[in-house]
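Reading through the structure tokens given below for one structure.
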Protein chains: 2
Amino acid sequence: MTKRSKIPSPTIERLALYSRPLQSFVESDTPIVSSEKLAELCGVNPAQVRKDLAYFGEFGVRGVGYDAQELLREIKRILGTDREWTICIVGMGNLGMSLVENDNFRKRGYRFVAAFDLDSRKAGRRLPCGLAIQPACNIPEQVRGLGVDLGIITTPSREAQRAAELLFKANIKGILNFSATQVRAPECCIIENVDLSVKLENLVYHLETLYKGMPMK
Amino acid sequence: MTKRSKIPSPTIERLALYSRPLQSFVESDTPIVSSEKLAELCGVNPAQVRKDLAYFGEFGVRGVGYDAQELLREIKRILGTDREWTICIVGMGNLGMSLVENDNFRKRGYRFVAAFDLDSRKAGRRLPCGLAIQPACNIPEQVRGLGVDLGIITTPSREAQRAAELLFKANIKGILNFSATQVRAPECCIIENVDLSVKLENLVYHLETLYKGMPMK
DNA sequence: TCGAAATTGTGAAATAATGCACATGATTTG
DNA sequence: CAAATCATGTGCATTATTTCACAATTTCGA
Ligand SMILES: NC(=O)c1ccc[n+]([C@@H]2O[C@H](COP(=O)([O-])OP(=O)(O)OC[C@H]3O[C@@H](n4cnc5c(N)ncnc54)[C@H](O)[C@@H]3O)[C@@H](O)[C@H]2O)c1
Ligand SMILES: NC(=O)c1ccc[n+]([C@@H]2O[C@H](COP(=O)([O-])OP(=O)(O)OC[C@H]3O[C@@H](n4cnc5c(N)ncnc54)[C@H](O)[C@@H]3O)[C@@H](O)[C@H]2O)c1
């Protein structure tokens, strides 16, 4: 039990997924939820829900279900989202701005504490949230000084690796990269690459296959 | 050997991934690429690259490698991205605007042909790209009339299902949903849910686990 | 109080995905 | 032209993940 070393990584993604409907249950004063209900809302198998949770302990009551509030608390603890995480963001174009403005991150306990851009016309500008955009060359000093937890890269693809290098220099431990190039990182930094158009292409493939009358995966 | 019916879905995601460096090779006049090089750039195992491709045919030359241009063309054909796909987008807030403005989608052969919002102050406004935002109630008629291929949902979470229903009514076949609720769809429509904060929570979990016990600095 | 219904937790089977290792064919070099 | 080198394609072992199926536990109603 609780040997984190061999927990399937799909399990982790699903735990985050489960927390969304759980939050709703808590907000709507629905105290008890079953693996079947949760599974349905998240589009997975009920046994999967139970097994995912079982990696970390016994949170339910047989014949009854799970206490929504308690389960949500446990999942947050497991994921590490029961505390605030600070974020800096590099590349204040359309997507970067959109992310900083987005309220959901704040609600989930993330806080943007620094924003950077290479463009000298942008550097100095103050964002609605109160942050001032700083020149990218400040990254190592600023990010290290503030002890920022996470970095988000929203620069053009060709600049992504360079942006990442500055973050490594600042000793950052985790990066979410939205550009279309896979950023390469040293051992000590975890990268999550999120290429949005890969998602679109997935969709396109499935449609294409479907239209051709072939059975779908 | 082209039996599409049992192709692993991770394979499809990786094919899209491979196309990024391949594009660069083509643009920089590098004619030949090996599975090893491609694998390195995409952060996967070389045998994986070869196996992924082998599901669809023999595209390489033993002892030599793959012709970058030809391989790129084949991958596009396999994915279905060798033709234009039209997109409509529902919810023209920060993220929606950002997606419509993004040039990469156009470069990859996607074309936004309609944009919708519920907000009556937004409806009617013209976007830089030339599209005019329409009221959401126009979706069924407009989307069906234009024969739009794909839908993107960027409304607040609580509105996502409603937005989706309008798209179903318009007989749309695939939807990319950026809101934090999993949209439920009829058989005839494929949904890809992309919850960005799930990605962040993944990162947080791994950091938390990695540095459990050790002082984070 | 008892039996039926509900629902969890879990071992074991089934299914899916990955990666090794080598036969195969191309190319280069001496 | 033979040998060395390179890199693909693939059968198979390995590893990872999902799902089944059922014992265990709780609740409820007669
Ligand atoms: N906008 C979207 O909806 C969207 C969707 C999918 C992927 N993406 C990807 O996200 C990234 C950003 O997209 P965008 O639309 O915001 O682009 P954008 O061009 O609007 O913004 C990029 C910003 O990065 C800044 N920049 C460039 N080099 C930099 C550097 N070295 N350090 C710091 N800042 C730097 C630029 O000055 C600019 O402000 C791109 O890689 C894009 O492919 C965006
Ligand atoms: N902005 C981001 O960076 C970001 C990041 C992650 C996830 N998301 C998700 O993407 C979605 C959009 O985010 P956003 O920041 O653009 O929000 P936003 O509030 O800026 O925009 C939402 C837009 O949707 C419109 N809308 C509401 N109901 C509608 C309906 N039924 N039909 C059509 N339009 C409707 C609103 O008028 C508004 O213009 C949200 O679900 C958010 O959680 C956004």
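Given the structure is predicted, the values throughout are model-derived calculations rather than measurements. Labels below follow one simple rule: chain letters A, B, ... track the order of the sequence lines, proteins then strands, and each chain is numbered from 1.
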May I have the distance from [X] (atom [atom1]) to [N] (atom [atom2]), rounded to whole angstrom?
X       : N      : atom1 : atom2 : answer
B:Arg62 : D:dT8  : CZ    : C1'   : 6 Å
B:Tyr55 : D:dG11 : OH    : P     : 12 Å
A:Glu36 : D:dT19 : CD    : P     : 15 Å
A:Glu40 : C:dT7  : CD    : C1'   : 16 Å
B:Ile12 : C:dA17 : CD1   : C1'   : 14 Å
B:Lys6  : D:dT10 : NZ    : C1'   : 13 Å
B:Phe56 : D:dT8  : CZ    : P     : 18 Å
A:Leu71 : C:dT8  : CG    : P     : 10 Å

Are the side chains of A:Asn94 and A:Thr154 in contact, using a 4.5 Å heavy-atom criterion?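 A side-chain contact under 4.5 Å is absent here.
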Of the nucleotides [options], which one has an atom closest to the side chain of [X]?
X       : options                : value
A:Glu58 : C:dG25, C:dT10, C:dC20 : C:dT10
B:Ser34 : D:dT8, C:dA17, C:dT7   : D:dT8
B:Ala54 : D:dT19, D:dT10, C:dT18 : D:dT10
B:Asn45 : C:dC20, C:dA26, C:dT18 : C:dC20
B:Pro10 : C:dA17, C:dT24, D:dT17 : C:dA17
A:Arg14 : D:dT10, D:dT18, C:dT8  : D:dT18
A:Ala47 : C:dT18, D:dC20, D:dT18 : D:dC20

Derivation and outcome, salt bridge (charged side-chain N to carboxylate O under 4.0 Å, His left out), residues A:Arg73 and A:Glu70: CA-CA 5 Å; A:Arg73 198 169 46 237; A:Glu70 185 193 322; 5.2 Å; no
Taking only side-chain nitrogens and oxygens of B:Tyr66, does any of them come within less than 4.0 Å of OP1 or OP2 of D:dG9?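 Yes, within the criterion.
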Distance-only donor-acceptor test (3.5 Å): side chain A:Lys51, base D:dT17: no
Whether the side chain of B:Arg50 and the base of D:dG9 hold a donor-acceptor pair under 3.5 Å is what I'd like checked. yes
Got a sec: does the CD of A:Gln23 have more than 12 other heavy atoms crowding it under 6.0 Å?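 Count over threshold, so yes.
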Is the closest basic N to carboxylate O distance between A:Asp52 and A:Arg14 below 4.0 Å? yes
Regarding B:Arg162 and B:Glu165, does a basic nitrogen lie under 4.0 Å from an acidic carboxylate oxygen? no
Closest-nucleotide mapping onto DNA chain D: is A:Val61 or B:Phe59 further toward the 5' terminus? I mean the 5' end. B:Phe59
With a non-hydrogen cut-off below 4.0 angstrom, is A:Ser35 in contact with a base, only sugar-phosphate, or nothing? sugar-phosphate
